[in-house]
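What follows is a short report on a single structure.
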Amino acid sequence: EELDRAEALLAGKLPRPLGSYLYPPSAFDDAQRTANEQALADATVAQPAIAAASLAMLRVLRRLGLKADFAAGHSFGEYVALTSAEAIDSASLYNIALRRGELIAAAAAKGQGGMVAVAAAPSVAKQLLAGLMDAWIANENSPQQTVVAGTDAALTTLVERCQQQKLRAARLPVSCGFHSPLVADAATALGEVLAAQNWSTPRQTVFANTTGQAYTGSSSEIVEQLTKHLSSPVRFQDEIEALYAAGARTFVEVGPHNVLTGLIGNILGDRPHVALATDMRGRSGLVQLAHTIGQLLVHGVD
């Protein structure tokens, strides 16, 4: 129902219907499979697709009676978290997603850098950036992973420094350097889009990427923080620590894949917690959903 609704709201705004990107005809060779993946990965499609898939899974979980005490996200996921808390409606989310994707695509067309994932804590990554003027910490993901955004030249130097320190570093398949000054112009333009939406006080506590702390609740604060969001670091590690301090012990990743579930495990380590994903590469979606529900039941979640 949610995917159909998203497709209807986005009709005529994408080159073809959203469902044809999410569920393309079967690929019978590697070339077609790659073409399908690239079409979905295009920023103008990927942002609305993530929104639709995440809201659809959220609706499934709510139909099953799962209720969250808090909401949080990583990068674009923060918008979905705010939608889940009814700070905006889903139609506004799809409008934002579409425009955010267009602005990202425009930034990418200008060749505005890229991103590198470094297998190290943010404090170590900051040391590696010493003297580099055109590279910035973009994602403080966990004690074992930091993502850096920068120009191609700066990222090449960073990878060389990582190799010298025997640290794993890999270029990410992204079109520009998100969450850094490289996309400041796009962030300013996005702020105008955000200000035009109808925002409400969230009905549940939502935690923010830019501060790592909970929003205080005012709609003006939400717009102000989200305007900075695209060009500011994602402080995901601080966000999870703040959630844990607030009493969160069961974490459910709602949306495509299970990257955040792994990061939560790295952040919280041996401390008592349960982190579960509703989707996982290489496993049927229905099977993974059944696994997640079973684990929640075993851990006493109603």
Side-chain angles (χ1 to χ4, degrees), residues 1-15 17-18 21-22 42-59 62 68 70-108 176 178-180 183-236 239 254-256:
E1 290 172 358
E2 186 60 40
L3 295 178
D4 285 345
R5 185 168 183 276
E7 183 168 284
L9 287 168
L10 294 165
K13 298 176 182 178
L14 296 173
L18 181 65
Y21 293 98
L22 288 166
D42 183 276
T44 56
V45 176
Q47 302 277 298
I50 292 169
S54 300
L55 282 186
M57 180 57 75
L58 182 67
R59 285 187 60 179
R62 285 182 170 170
F70 310 110
H74 185 292
S75 194
F76 180 73
E78 185 162 314
Y79 290 88
V80 183
L82 286 162
T83 306
S84 77
E86 299 182 35
I88 51 169
D89 60 22
S90 58
S92 297
L93 174 67
Y94 294 129
N95 286 335
I96 293 169
L98 184 69
R99 187 64 182 129
R100 191 174 190 264
E102 291 171 346
L103 290 168
I104 288 171
C176 58
F178 307 121
H179 297 292
S180 78
V183 291
D185 290 345
T188 300
L190 183 59
E192 297 173 1
V193 177
L194 296 171
Q197 309 302 314
N198 291 320
W199 295 88
S200 302
T201 301
R203 292 182 178 271
Q204 68 181 160
T205 302
V206 181
F207 286 74
N209 286 167
T210 52
T211 64
Q213 302 297 318
Y215 281 103
T216 60
S218 68
S219 57
S220 59
E221 180 210 18
I222 293 172
V223 172
E224 182 182 353
Q225 286 203 36
L226 287 180
T227 298
K228 301 174 184 175
H229 184 259
L230 186 60
S231 57
S232 300
V234 171
R235 297 172 60 185
F236 188 69
E239 197 170 4
V254 182

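Just the heavy atoms: all of them, side chains too, but no hydrogens, waters or symmetry mates, feed the values below.
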Worked verdict on Leu226 versus His229 for side-chain contact (heavy atoms from CB on, under 4.5 Å): CA-CA 5 Å; Leu226 287 180; His229 184 259; 4.3 Å; yes
Looking at every heavy atom in both [X] and [Y], which two are closest together, and how far apart are they?
X      : Y      : answer
Gln47  : Ala97  : CB-O, 3.3 Å
Leu103 : Ala189 : CD2-CB, 3.8 Å
Thr210 : Ser232 : CG2-CB, 3.9 Å
Gly212 : Phe207 : O-CD2, 4.3 Å
Leu55  : Ser90  : CD1-CB, 3.6 Å

Any side-chain heavy-atom pair from [X] and [Y] closer than 4.5 angstrom?
X      : Y      : value
Lys13  : Tyr94  : no
Val193 : Asn95  : no
Pro256 : Ser54  : yes
Leu98  : Leu14  : yes
Phe76  : Asn209 : no
Asp4   : Glu1   : no
Leu194 : Tyr79  : yes
Leu82  : Tyr215 : yes

NZ/NE/NH1/NH2 to OD/OE distance under 4.0 Å, Arg235 and Glu239: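 No, Arg235 and Glu239 are not salt-bridged.
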Distance-only donor-acceptor check, side chains Asp89 and Ser92, under 3.5 Å: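 Yes, a side-chain donor-acceptor pair sits under 3.5 Å.
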Going from [atom1] on [X] to [atom2] on [Y], what distance comes out if it is rounded to the nearest 0.5 angstrom?
X      : Y     : atom1 : atom2 : result
Phe236 : Glu78 : CZ    : CD    : 11.0 Å
Arg59  : Glu2  : CZ    : CD    : 5.0 Å
Arg62  : Leu58 : CZ    : CG    : 4.0 Å
Leu3   : Met57 : CG    : CE    : 10.0 Å

Distance-only, no hydrogens or angles: does the [X] side chain make a donor-acceptor pair with backbone N or O of [Y] under 3.5 Å?
X      : Y      : value
His179 : Ser231 : no
Gln225 : Ala208 : no
Gln197 : Ile96  : no

Partners meeting side-chain contact (heavy atoms from CB on, under 4.5 Å) with Ala85 (sequence neighbours left out):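 Partners of Ala85 by the side-chain contact (heavy atoms from CB on, under 4.5 Å) criterion, ordered by chain and then number, come out as Pro202, Gln204, Val206.
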